[in-house]
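Only a predicted model underlies this, so the values are computations on that prediction, with no experimental measurement involved. One-based numbering, in listed order, for ligands and for the atoms of each. Heavy-atom basis, side chains included; hydrogens, waters and symmetry copies ignored.
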Amino acid sequence: MKVLVVGSGAREHALVWKCVQSDLVERVYCAPGNGGTGGMARNIAIGAADVVRLVSFAKRERLGLIVLGPEAAVDAGVGDALRDAGFPVFGPNRRAGRIESSKVFAKALMRRAAIPTADFEVFTEPAPAKGWARERQGRVAVKADGLARGKGVIVCSDVEASDQAIDAMLVEQRFGRSGATIVVEELLEGPELSVLAVTDGVDVIPLAPARDYKRAHEGDTGLNTGGMGAYSPPKGVDDAIVNEVVDCVMRPAVQELASSGDEFRGVLYAGLMLTKKGIQTLEFNARFGDPEAQVVLPRLQSDFVALALAAARGGLAAHPDLRWNQQACVGVVVASAHYPDDVAMKFGQRIHGLTEMPPGVFIFHAGTRFEPGVGLVTDGGRVVTSVAFGDTVAQARETALTGARQVRFEGAFFRSDIAQEAE
Ligand code: AMP
Ligand code: GLY
């Protein structure tokens, strides 16, 4: 069959790479793709949220499966339109995707389904929001309701910070319409964990757990980013924790969505915190995480396309158990100078070193583009993810870092402390 992966990041490169390996697949397309997906699939010049052209392409090519990468595709209704046209889609419809695109929707769903999550309140006016935060000495997280590319959460530890965060969203409207309604919730503490699970709207199969690194710089400093690295499995996370997440977070969420008519087919991602009070849910995403996908998918030994089809068509209950590589996997993102500052970043830098990678390094491309006559140039904030396996996390980390050092372009930077905690 022919498969289309929608999106253009390193997550999508990892998805394309996994689809190419499937015996079920004769051809893989990526829309719009990047400099890496173009080498192993056919890039199609259609944007990830261009519903009309994606549907015509699916019809023309008689696609057997469409995999949605980014939240922008989910939120544009790409899943709805393709499903209405009769195609199997791995990725939810827009309404089910509100579990990611609206924090208010997600928190209300968690409350109804008794999913453990921080105490919270929803506000559109600054004064009551500030009052609620003040009662908690400003120890709150202030969250824009809508999509904000991973940047819509401000974690506060005193009243001055919570006042400022609330003003930034509700008064200065720094997050535009996304921040016109906010969630203010109690501050939680503990290590974070990402659990991703595949679901057909009824059954839930967890994938290997991962931990990602959201801050731009070493030692968890700097701005929040889409993610600067990840590793799997994370220190201190065993099967019991994953099973608890499936039972107390994933299944209740999937059931609650289904019971309101919003069946979810695809990957549901729970961002969690392991607190003294137990597991708490920080957020849901309606798609693979990036960079989590780059360290989870390589560990998956089972056929990804068979799994995605079972979720897209229904019938996951009959799917065989997933097989996993027991080695550790570490991914280090190499980013453009000034990432995640959209205004300061400059693209079009020639990228060197990709052809001289040490054995065992996988390079998943994100912001890269093939410039005829020049070669590969940078084309985004996160440029590539350098991924490696190891018998221990330390070994995987060392190899992934060797790969990251080898990627050379003007202003390139990466975090050398990804997965260091596990040593
Ligand atoms: P979210 O997009 O909701 O996952 O939030 C982004 C990041 O903000 C999370 O990965 C956490 O590091 C942090 N965060 C979110 N909610 C809380 C909370 N209630 N307490 C402490 N940190 C939080
Ligand atoms: N790594 C976090 C995300 O994909 O949103």
For [atom], what is the nearest protein heavy atom, given as residue, atom name and distance?
atom	answer
atom 12 (O) of ligand 1	Glu192 OE2, 2.4 Å
atom 23 (C) of ligand 1	Val155 CG2, 4.0 Å
atom 5 (O) of ligand 1	Val153 CG2, 3.4 Å
atom 5 (O) of ligand 2	Arg287 NH2, 2.9 Å
atom 20 (N) of ligand 1	Leu188 N, 2.9 Å
atom 19 (N) of ligand 1	Glu185 OE2, 2.7 Å

Task: Short N-O contact, Glu121 and Arg136, less than 4.0 angstrom - done: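 No, Glu121 and Arg136 are not salt-bridged.
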
- [ ] State whether Arg139 and Glu189 are salt-bridged, where the test is any N-O pair (Lys NZ or Arg NE/NH1/NH2 against Asp/Glu carboxylate O) under 4.0 Å.
- [x]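 Yes.
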
Open item on the list: Tell me if a side-chain donor or acceptor on Arg98 pairs with a main-chain N or O of Arg95 at a distance below 3.5 Å.
Closed with: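 Yes, the answer is positive, given that a donor and an acceptor are paired below the 3.5 Å cut-off.
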
Task: Donor-acceptor pair, side chain of Arg299 and main chain of Val295, under 3.5 angstrom - done: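 No.
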
TODO: Count the heavy atoms of every other residue, nucleotide or ligand shown that sit under 6.0 Å from CD of Glu410, and state whether that count exceeds 12.
DONE: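 No.
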
Task: Enclosure of Arg251 CZ (heavy-atom neighbours >12, cutoff 6.0 Å) - done: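 Yes, enclosed.
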
Looking only at the side chains, is there a donor atom on one of [X] and [Y] sitting less than 3.5 Å from an acceptor on the other?
X	Y	answer
Asp391	Gln327	yes
Ser22	Asp303	yes
Arg27	Tyr29	yes

Open item on the list: Tell me whether ligand 1 is touched by Glu186 - counting only heavy atoms on the residue side and a distance under 4.0 Å.
Closed with: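 True for this residue.
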
TODO: Check whether any heavy atom of Gln280 sits under 4.0 Å from an atom of ligand 1.
DONE: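 No; Gln280 lies far enough from ligand 1 that no heavy-atom distance drops under 4.0 Å.
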
Counting from 1, what ligand 2 atoms have a heavy atom of [X] closer than 4.0 Å?
X	result
Asp212	1 (N), 2 (C)
Asn285	5 (O)
Tyr269	1 (N), 2 (C)

Task: Structural part of Arg11 in contact with ligand 2, heavy atom criterion under 4.0 angstrom - done: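 Looking at Arg11 and ligand 2, no heavy atom falls under 4.0 Å.
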
Any idea which atoms of ligand 1 are less than 4.0 Å away from a heavy-atom of [X]?
X	answer
Lys214	10 (O)
Ala141	16 (N), 17 (C), 18 (C), 19 (N)
Leu282	3 (O), 9 (C), 11 (C), 16 (N), 17 (C), 18 (C)
Leu187	20 (N), 21 (C)

Open item on the list: Parallel, tilted or perpendicular: which one describes the rings of Phe90 and Phe288, with boundaries at 30° and 60°?
Closed with: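 Answer is tilted, since the angle falls between 30° and 60°.
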
Open item on the list: Check for me whether the distance between the ring centres of Phe284 and Phe264 falls short of 6.0 Å.
Closed with: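 No.
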
Task: Backbone or side-chain N or O of Glu292 under 3.5 Å from ligand 2 N or O - done: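 In this structure, Glu292 places an N or O atom under 3.5 Å from an N or O of ligand 2.
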
Open item on the list: Are any of the N/O atoms on Lys214, whether in the backbone or the side chain, positioned under 3.5 angstrom from an N/O atom of ligand 2?
Closed with: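 In fact, backbone or side chain, Lys214 has no N or O that close.
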
Task: Contact check, Gly289 vs ligand 2, heavy-atom distance below 4.0 Å - done: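 Yes; Gly289 lies near enough to ligand 2 that a heavy-atom distance drops under 4.0 Å.
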
Open item on the list: Please compare Lys143, Glu283, Lys107 and report which has the shortest non-hydrogen distance to atom 15 (C) of ligand 1.
Closed with: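 It is Lys143 that holds the nearest heavy atom.
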
Task: For Arg211, the option from Glu421, Glu192, Glu292 that meets side-chain hydrogen bond (donor to acceptor under 3.5 Å, both in side chains) - done: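 That would be Glu421; it is the only one of Glu421, Glu192, Glu292 passing the side-chain hydrogen bond (donor to acceptor under 3.5 Å, both in side chains) with Arg211.
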
